[in-house]
Amino acid sequence: MPKVQATGGGGGRGRRGRMVAATALAEINVVPLVDVMLVLLIIFMVAAPMMTRGLDVNLPVAQRSQTLSNERVFVTIPLSFGKDRRVQLDEEFIRVDVLGERMRQTLQGKSDKSVYLRADGAVTVQETMTVMDALKSAGVEKVGLVSRLPGER
């Protein structure tokens, strides 16, 4: 801001003295700098909570899983299923055509109508779906697929 100084020689001519605007280069105008700093402060105050919050994730809710019943029913699809259409119900080999009837007999009187299905890794998805369809048509409510952990034998 320019500084206004009175010039003139004597003290008696106060009214006639000329007013000259003199610029003072020694002073730095800090008002724009303060304005910019306040704007940046407001921006950081608004943005900081967003940076620490992260993404909104709808986390799943899990309860403690129920223990498996002792009378579990396992159906195993061996690799030879593609050739002979036989599955293993617990320890007995049966044809998939009679699997539905055998499952109805096995699950009769049980409250837990769930079956655990084990399949060889080389069995196709279609073959697995065929067995699952037979199980569902027999009244099985839940079919669990049994797998093993990556390092487990």
Side-chain angles (χ1 to χ4, degrees), residues 1-5 19-153:
M1 173 179 264
K3 191 172 189 177
V4 179
Q5 295 178 340
M19 303 294 277
V20 176
T23 59
L25 295 177
E27 292 183 23
I28 297 175
N29 190 2
V30 293
V31 173
L33 178 66
V34 171
D35 290 345
V36 169
M37 288 178 54
L38 288 175
V39 169
L40 288 175
L41 179 65
I42 291 170
I43 289 172
F44 285 123
M45 288 174 61
V46 171
M50 290 183 209
M51 294 169 58
T52 58
R53 186 173 172 199
L55 298 174
D56 288 332
V57 177
N58 188 12
L59 296 175
V61 177
Q63 297 178 354
R64 187 176 179 173
S65 63
Q66 298 175 354
T67 57
L68 297 175
S69 65
N70 291 335
E71 300 175 354
R72 293 178 278 183
V73 178
F74 285 97
V75 174
T76 305
I77 306 172
L79 184 59
S80 62
F81 179 80
K83 296 177 187 171
D84 59 2
R85 308 286 289 172
R86 292 174 20 156
V87 295
Q88 187 178 8
L89 176 60
D90 289 330
E91 298 299 320
E92 179 184 5
F93 280 95
I94 58 171
R95 294 194 47 85
V96 73
D97 303 328
V98 296
L99 178 63
E101 183 58 32
R102 292 296 305 269
M103 288 306 302
R104 279 188 212 96
Q105 294 171 356
T106 304
L107 296 177
Q108 190 174 20
K110 289 186 175 182
S111 61
D112 184 19
K113 298 191 183 301
S114 58
V115 173
Y116 298 93
L117 183 64
R118 295 184 288 204
D120 189 274
V123 172
T124 64
V125 175
Q126 181 59 53
E127 293 168 338
T128 305
M129 293 303 293
T130 302
V131 174
M132 288 178 74
D133 284 343
L135 292 172
K136 287 289 186 177
S137 66
V140 173
E141 296 173 353
K142 295 179 184 176
V143 177
L145 295 175
V146 179
S147 65
R148 59 186 164 106
L149 296 174
E152 188 179 332
R153 287 217 152 226

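- Here CZ of Arg95 is found 7.5 Å from CG of Asp84. Values are rounded to the nearest 0.5 Å.
- In this structure, the side chain of Glu101 does not engage the main chain of Val98 through any donor-acceptor pair within 3.5 Å.
- Put simply, CD1 on Ile77 and CZ on Arg86 are 14.5 Å apart, with the number rounded to the nearest 0.5 Å.
- Partner Leu117 forms a side-chain contact (heavy atoms from CB on, under 4.5 Å) with one of Val75, Val140, Val73, Thr76 and no other, that one being Val75.
- Side chain of Ser80 to backbone of Lys83: no donor-acceptor contact under 3.5 angstrom is found.
- No side-chain heavy atom of Met37 sits under 4.5 Å from any side-chain heavy atom of Leu41.
- Atoms CG and CG, on Leu40 and Asp35 in that order, are 11.0 Å from each other to the nearest 0.5 Å.
- For CD of Gln105, the number of neighbouring non-hydrogen atoms (other residues, nucleotides, ligands) closer than 6.0 Å is greater than 12.
- Annotation: the span from Leu145 atom CG to Arg118 atom CZ amounts to 12.5 Å, rounded to 0.5 Å.
- Under the 4.5 Å side-chain criterion, counting only non-hydrogen atoms from C-beta, Val96 is in contact with Phe81.
- Nearest approach of Ala122 to Leu79, heavy atoms of both residues: CB-CD1, 3.3 Å.
- A search for ring pair (Phe, Tyr, Trp, His ring centres under 6.0 Å) contacts involving Phe93 returns nothing, not counting sequence neighbours.
- Each of Asp133, Thr130, Leu135 was compared with Leu99 under the side-chain contact (heavy atoms from CB on, under 4.5 Å) criterion, and only Leu135 meets it.
- Proximity of Val143 to Lys136: side-chain heavy atoms (C-beta onward) are separated by under 4.5 Å at one or more points.
- Pairing each heavy atom of Ala138 with each of Gly100, the nearest pair is CB-O, 3.2 Å.
- Side-chain atoms of Lys113 come within 3.5 Å of backbone atoms of Leu107 as a donor-acceptor pair (strictly under, hydrogens ignored).
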